[in-house]
Each structure stands twice: as C-alpha cells, then as structure tokens.
Amino acid sequence: MRSYHLIAPAKINLYLEIIGMRSDNYHELVMIMQSIDLADHLEIRPSGTEEIRVYCNHPEVPLTKDNLAYQAVRLIQAEFPQIAANYGGVDIIIDKRIPVAAGLAGGSGNAAAVLVGLNLMWELGLTQPELQVLGAKLGSDVPFSLTGGTAIATGRGEKLDPIPDLTNLYVVLAKYNNISIATPWAYRSYRQEYGHTYPTDIDSFPTHSQRVHSGPLVQGIVAQDGVKIGKLLHNDLEKVVFPEYPEVAQLKQIMSNLGGLGTMMSGSGPTVFTLCSSLEEAETLKEQLLIRVDDPNLAAWTARLSASGIHLAT
Ligand code: ATP
C-alpha cells in the first residue's frame, strides 16, 4: 500500500453573517468562503501497527484524539469497520504551515485531507458528495475544505453553493502569535450580546441567505471586480472579538490605512487580511506593516486566492 502526500489549503471568509439560532443549538450562518494558496502538507501512510499516530511540527497541535485529522481516521474506521480492520493503523504526518487557531480552518483542512487520503489509500470509492456528508460530521468547515475555491456556505457552514472562483487576487494575512481565539467562545459571546436580535421564525432563514446569493458581493465575485469585493467584505464576529482583543481591531485599522482593496478579520480571528490586486502590492503592504507595527509577535504572510480544495502534491 503506497502513501499519499496531500495539500490542504487555508480559507478566509470574505463574508460572515450570523442569521440566528437553529433548533439544534448551532448558529445559522451565511458565509462566502475563499481558499488561499497558504496550505498544510500532509502525508498519510500505513502505520504497520493497529495504531493511529499523528506527527506534527507545530507544538500547539494535539497529537491524539483531539486532533481533527485523528478524528477523521476514526470516523472512516467506524463507517468501514471491515476494510479498516483489514488495513490496520495509519500514520499522519502534518507539515503545519497554516497558523493554528487563527480563523483559517487549518484543523478542518487537515481532517478533509485525511478523508481524501484514506479514500485513495483504502480504495473506498467515496464520491465527493459522500465525502462531504462525512466531513460535515467532523466540523462545519470540513465540507468547504474538501472542495475549496469560492463558495457560499449556509446552514452551520456545511451547505455549499459554488460560485465562480476568484483567483486573480492576493491577500496579506497578519496575526499576533500571542493571541489565539477559540471559535466556540466567539459564537457564544455573539449570542450573549446579540441573541435578542435573532429572528424567532426559523422558516425565515432561507430568505436571509437568498439576500446574499443575489446581493452585490456575489455580483462583484461573478464580475471578478476586486474593488467592489474589497468594499463589501463583512464579518459579524468582529463585533465581539474587537472589544475583547483591541490589538486585533488596531491591526485592522493599521492594515486598512496602508492600502489595498479592503481589510477584514477572517472567521473568528485573530487573523486579519487585506485583499490586494497584485502580488507586488501584497508584498509591499506586508513589508510596510512589519515596519509600522515592529512587534516580534506579529507574523505576516502573502497568499494568492486559489480555486483548489484538497489535492495531491505533484
Ligand atoms: P476554524 O476557522 O475552522 O474555526 P481555526 O483556523 O480557527 O479553525 P484551527 O487551526 O483549526 O483553528 O485550530 C483550532 C484548534 O483545534 C486548535 O487550538 C487545536 O488545538 C485544535 N486542532 C485539532 N486538530 C488540529 C489540526 N489538525 N490542526 C490545527 N489545530 C488542530
């Protein structure tokens, strides 16, 4: 049995709106998700034992059952017990390049890569829609991580409508290494503060997401209009993250002042990104930011928007 080398791209949220509370106690969301070419690299291979072993070069990534990649193996083992018993354990080696707990779906991407890798290695024959159903059991961002590109995500974030991929734009991403934000905290805080504004009529949820489907940001994406897209970036979670982490709010302000097409926090943060029309613009902005902030805790990257989800390394 051969091993597989997979690339798992990060995502940013061009748009994140919290609609309300669902009957299953999750939030109903409308998001526009976008893959970028900053990616983790994973190798998946038979362990030669019964064990699932996770190796990772990042000290904050858990190596046992708390790791989403580990959970992805357990899920496949539970779904296909006979095949799993036949093949035995798995080694997963994660080369972590996506910042951890950063709002970039690094863990979800790793889980998605394991689903794709095991599907190949154990010849399960699962289709993309079948992988997405399994992925949704592991986390709301896993289905998007599988397909990548540009998509509208609704429900908990697991229902996807692809829209034309944006690939001609770039981003500068920046994050303080001494700040990490737990996604459940961000949603809980939002509910505490804004829960009273949620619509009580669950049947009205589709109307809200329809507004985004036919709205100006999607029109900007269809037209590949970076200027329009940059002006319409939106993230409701900034309303709870910024008061608690003023450094993140300040970082957004500084990045926004430096230029680019638009600046926004990704997911539950703390990563902030600025959309740029060229790699040169993104690189210049990154250099200016690092001079302007001059804090050893600030890390910055540039990336290109990407049409790829999980794919094999060539
Ligand atoms: P999302 O945007 O999907 O909410 P995130 O980008 O904010 O995720 P992750 O990098 O996925 O955050 O990490 C969130 C937490 O998940 C980490 O604190 C870490 O303990 C845990 N975790 C579990 N598995 C992984 C993994 N394979 N890679 C990174 N973190 C993982």
Side-chain angles (χ1 to χ4, degrees), residues 6-16 18 26-27 29 31-36 38-44 52-75 90-117 135-146 148 151 153 156-158 160 173-190 235-238 240-241 245 248 264-273 299 301 303 309-310:
L6 297 128
I7 313 286
K11 63 86 186 155
I12 54 172
N13 298 88
L14 301 176
Y15 187 88
L16 191 161
I18 296 172
Y26 281 96
H27 277 97
L29 307 171
M31 300 186 285
I32 301 181
M33 316 281 272
Q34 175 65 56
S35 303
I36 57 175
L38 173 68
D40 288 344
H41 290 226
L42 288 92
E43 191 186 334
I44 175 158
I52 304 166
R53 295 183 301 215
V54 179
Y55 303 87
C56 183
N57 56 350
H58 193 298
E60 282 162 41
V61 173
L63 300 178
T64 53
K65 59 179 174 34
D66 290 334
N67 194 301
L68 274 171
Y70 181 102
Q71 290 169 23
V73 181
R74 293 305 292 254
L75 178 66
V90 176
D91 280 347
I92 300 159
I93 299 111
I94 304 171
D95 176 4
K96 180 61 68 180
R97 304 181 188 194
I98 303 172
V100 175
L104 301 173
S108 305
N110 292 178
V114 168
L115 294 181
V116 172
K137 295 184 184 179
L138 293 164
S140 307
D141 284 346
V142 180
F144 174 75
S145 295
L146 284 162
R156 293 184 285 125
E158 84 291 8
L160 300 174
L173 305 147
K175 170 188 183 288
Y176 287 106
N177 285 329
N178 53 342
I179 303 177
S180 54
I181 297 175
T183 305
W185 168 84
Y187 282 100
R188 212 171 38 244
S189 304
Y190 194 92
N235 186 345
D236 272 340
L237 290 175
E238 288 188 343
V240 287
V241 171
Y245 300 93
V248 182
M264 191 57 48
M265 184 179 82
S266 182
S268 54
T271 303
V272 176
F273 67 89
W301 302 260
I310 304 300

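Every number for a ligand or one of its atoms is a count from 1 in the order of the listing. One is the number of the first residue; the rest follow in order along the sequence.
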Is any N or O atom of [X], backbone or side chain, closer than 3.5 Å to an N or O atom of ligand 1?
X      : result
Gly103 : yes
Asp141 : yes
Leu68  : yes

note = Logged contact type for His58 with ligand 1, heavy-atom cut-off 4.0 Å, is neither
ask   = Side chain or backbone of Ala105 under 4.0 Å from ligand 1, or both, or neither, by non-hydrogen atoms?
value = both
How far is [atom] from its nearest protein heavy atom, and which residue and atom name does that atom have?
atom                    : result
atom 27 (N) of ligand 1 : Asn110 OD1, 2.9 Å
atom 17 (C) of ligand 1 : Val100 CG1, 3.9 Å
atom 28 (N) of ligand 1 : Lys96 NZ, 2.9 Å
atom 4 (O) of ligand 1  : Thr183 OG1, 2.8 Å

ask   = Does at least one non-hydrogen atom of Ala102 fall below 4.0 angstrom from an atom of ligand 1?
value = yes
inquiry  = Assess the residue pair Met33 and Asp141 against the criterion (side chain to side chain contact (heavy atoms under 4.5 Å, CB included)); give the C-alpha distance rounded to whole Å, side-chain angles, the decisive distance to 0.1 Å, and a yes or no.
reply    = CA-CA 9 Å; Met33 316 281 272; Asp141 284 346; 3.6 Å; yes
remark   = Separation between CG (Leu237) and CH2 (Trp185), nearest 0.5 Å, reads 9.0 Å
inquiry  = Quick check for you: to the nearest 0.5 Å, what is the distance between Leu63 atom CG and Ile94 atom CD1?
reply    = 8.0 Å
ask   = Run the side chain to side chain contact (heavy atoms under 4.5 Å, CB included) check on Ile44 and Leu42 step by step: do they pass?
value = CA-CA 6 Å; Ile44 175 158; Leu42 288 92; over 6 Å; no
Residue Ser108 vicinity, atoms of ligand 1 by number, heavy atom under 4.0 Å = 3 (O)
ask   = Is there side-chain contact between Pro99 and His58, with at least one heavy-atom pair below 4.5 Å?
value = no
Leu68 and Asn110, any side-chain heavy atoms less than 4.5 Å apart = no
ask   = Which salt bridge (Lys or Arg N to Asp or Glu O under 4.0 Å) pairs, counting each pair once, include a residue from residues 93-105, with sequence neighbours left out?
value = Asp40-Lys96, Asp95-Arg97
Shortest heavy-atom approach to atom 23 (C) of ligand 1 - which of Leu63, Leu138, Asp66, Val54 = Asp66
message = Among Pro62, Gly107, Ala101, which one puts a heavy atom closest to atom 14 (C) of ligand 1?
response = Ala101
ask   = Leu173 and Ala303: which non-hydrogen atoms are nearest, and at how many Å?
value = CD1-CB, 4.4 Å
Residue list, side chain to side chain contact (heavy atoms under 4.5 Å, CB included) with Glu158, at least two apart or on another chain = Ala136, Pro143, Arg156
